[in-house]
**Student:** 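Here's a structure for you.
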2 protein chains.
Amino acid sequence: MTQITQTAGKRRADLKQESLTRILNAGARRLRNEGLNGAGIVPVMQEAGLTHGAFYSHFASKDDLAIAAFVHAIREGRPRWTETSGEATWGQRLKRLAKRYLARGHRDNLADSCAFVALSTDAARANDRFREAYEAEFRKTLAAIDGPFTTNGATVHADDAIALMALCVGGIALSRAVSDERFSNRILRVCQEAVAALADAADAREETQETQRGDSR
Amino acid sequence: MTQITQTAGKRRADLKQESLTRILNAGARRLRNEGLNGAGIVPVMQEAGLTHGAFYSHFASKDDLAIAAFVHAIREGRPRWTETSGEATWGQRLKRLAKRYLARGHRDNLADSCAFVALSTDAARANDRFREAYEAEFRKTLAAIDGPFTTNGATVHADDAIALMALCVGGIALSRAVSDERFSNRILRVCQEAVAALADAADAREETQETQRGDSR
DNA sequence: TATTTGACATGATGATCATCATGCGAATAT
DNA sequence: ATATTCGCATGATGATCATCATGTCAAATA
């Protein structure tokens, strides 16, 4: 059959790049919506407006697509989750991020949600390369959470950030796993309150440390 | 071919019950190990020592098996996770349960692990009936966590139990999703500490309430 | 003892999957 | 102008899947 050329006149490299972007977007969408198993080559390529045969011009295997699409999803989402401005204290930042994350809109929009939650249990069953990619992106997100409170280039609140992520991942996962919407909302609220308690404790801790430093000077 | 009769002489109803138990055990194992998609009829029946044809004498569909095997896994595991004795305070109980749950042995033994974590993201993509079963079992687990601290038959620490479960689910999920074992261990430790902080706050809260009750009497 | 039942096995069906072989045709290189 | 490259489509391959049709044989029933 004759080849359809909707994009005649474009440079071939650009064409391929645009195809790759569509594949990654479709893969990232399907990964979160249907999980590792649902991101099959046929449906992803179809969602990207291509056929399955073209897949191997872009990736060597389905596993490679999974990794690339996961990283794509995380890199696209990270700024949306972590960029803020004007927090006075570290605890206030924790509370702000939790409120943004543990939200009904996030819970309900799986296709555009945080890939850390959507693929958390899939990652446990995936191969080493996938888990290495998961960890690398997770560490970057921890640093981004620390963000404006980083001192001397070092992530100083890493443990708090880990606890925040655990509550966020667990909270969203549970809120999605449950059937009754009111109960689901309650899970989100309780997890936000738990983050708030940890955040207040963190602020109190830093307050104490600053006072001690002042006293001992 | 001639039918193999390893269990000649037994009552037919008992035979079927034993087969069902083997199917449920195999299903529960595979569900946690490979997820909803990995609990296929063929491999489950094979693991149960039967062939795929016998499946429909026990279940009407694969979805029915998934629900039954999930409930089976939870009901078998719940006492192992929640039964304790001799805790003085609610906070001590929270800490004890978190230490038991957020452990390396639990993280590493997927096949016999808690089904709430193993299937948390699968549940989000499952049908309503599965999520209803997930929620029903989850509520029972919250009650079991409250357990010895239940007063007048009412679950009084439900919010704390929810926060505990969120930290446990998120903590184990993240610890499994990550590649480096030392980092994974750190996630477990941090989540335990977070539970400890919430637990101490809960005890302090109850202490205050009791004192107030005493004052106003 | 004769008949019926039902748990299980075998095998077929059509769907979907990952991967590969092949060919086309337009953008490139010569 | 001619030759080459390569992104993409078509189609085949063998695997695995859920489900169903059919047969078999021992236990249950009559």
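Proteins come first, then strands; the chains are lettered A, B, ... in the order of their sequence lines, and each starts at number 1. As the structure is a prediction and not an experimental result, all values here were calculated from the model.
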**Student:** Output the rounded distance in Å from CZ (A:Phe59) to C1' (D:dC8).
**Tutor:** 15 Å
**Student:** Please state how far atom CG in B:Leu15 lies from atom C1' in C:dT5, giving the value in whole angstrom units.
**Tutor:** 14 Å
**Student:** Quiz question: by atom type and distance under 3.5 Å, do the side chains of A:Arg32 and A:Ser113 form a donor-acceptor pair?
**Tutor:**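 No, A:Ser113 and A:Arg32 have no side-chain donor paired with an acceptor closer than 3.5 Å.
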**Student:** Once you round it to whole Å, what is the distance between C1' of C:dA18 and CG of A:Asp64?
**Tutor:** 13 Å
**Student:** To the nearest Å, how far apart are B:His58 NE2 and D:dA18 P?
**Tutor:**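 Going from NE2 in B:His58 over to P in D:dA18 covers 16 Å.
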**Student:** Could you tell me which non-hydrogen atom of B:Thr141 sits nearest to which non-hydrogen atom of B:Met165, and how far apart they are?
**Tutor:** CG2-SD, 4.4 Å
**Student:** Identify, residue by residue, the members of residues 119-132 of chain B with a heavy atom below 4.0 Å from DNA chain D, and return them in order of residue number, or none.
**Tutor:**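 Nucleic-acid contacts, sorted: none.
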**Student:** Could you check how far NZ of B:Lys62 sits from C1' of D:dC20, rounded to whole Å?
**Tutor:** 17 Å
**Student:** Hey, are A:Asp64 and A:Arg129 close enough for a salt bridge, meaning a charged N less than 4.0 Å from a carboxylate O?
**Tutor:** yes
**Student:** Could you identify which residues of residues 19-51 of chain A place a heavy atom less than 4.0 Å from some atom of DNA chain D, listed by residue number, or say none?
**Tutor:**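 The answer is A:Ser19, A:Leu50, A:Thr51.
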**Student:** Should B:Val195 and B:Arg96 count as side-chain neighbours, where that means a heavy-atom distance under 4.5 Å?
**Tutor:** no
**Student:** Would you kindly give the OH-to-C1' distance between B:Tyr56 and D:dC20, to the nearest whole Å?
**Tutor:** 8 Å
**Student:** Can you tell which of C:dA18, D:dC8, C:dC8 lies closest to the side chain of A:Ser57?
**Tutor:** D:dC8
**Student:** Under a 4.0 Å N-O cut-off, is there an ion pair linking A:Arg186 with A:Asp180?
**Tutor:** no
**Student:** Please answer whether the main-chain N or O of A:Leu24 pairs with a side-chain N or O of A:His72 as donor and acceptor at a distance below 3.5 Å.
**Tutor:**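 Such a contact is absent between A:His72 side chain and A:Leu24 backbone.
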**Student:** Do A:Arg139 and B:Phe183 form a cation-pi contact, if we require the NZ or CZ to be under 6.0 Å from the six-membered ring centre and within 45 degrees of the ring's axis?
**Tutor:** yes
**Student:** With heavy atoms under 4.0 Å as the rule, sort A:Phe55 into base, sugar-phosphate or nothing.
**Tutor:**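 It contacts nothing in the nucleic acid.
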**Student:** Which heavy atom in B:Thr121 sits nearest to a heavy atom in A:Asp122, and how many Å separate them?
**Tutor:** OG1-OD1, 3.8 Å
**Student:** Does the side chain of B:Asn185 come under 3.5 Å of the side chain of B:Arg107 through a donor N or O and an acceptor N or O?
**Tutor:** yes
**Student:** Where do N or O atoms of nucleotides 11-15 of chain D meet protein N or O atoms at under 3.5 Å, pair by pair?
**Tutor:**
{"residue": "D:dG11", "atom": "N7", "partner": "A:His52", "partner atom": "NE2", "Å": "3.4"}
{"residue": "D:dG11", "atom": "O6", "partner": "A:His52", "partner atom": "NE2", "Å": "2.5"}

**Student:** Send over the distance from A:Lys16 NZ to D:dC8 P, rounded to a whole Å.
**Tutor:**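 Whole-Å distance recorded here is 8 Å.
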**Student:** So that I can tick it off, tell me whether A:Glu135 and A:Arg131 are bridged by a salt bridge, with the cut-off set at under 4.0 angstrom between side-chain N and carboxylate O.
**Tutor:**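 Here A:Arg131 does not pair with A:Glu135 in a salt bridge, since their nearest N and O are not under 4.0 Å apart.
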**Student:** Hey, are A:Glu83 and A:Arg78 close enough for a salt bridge, meaning a charged N less than 4.0 Å from a carboxylate O?
**Tutor:**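 No, no charged N to carboxylate O under 4.0 Å.
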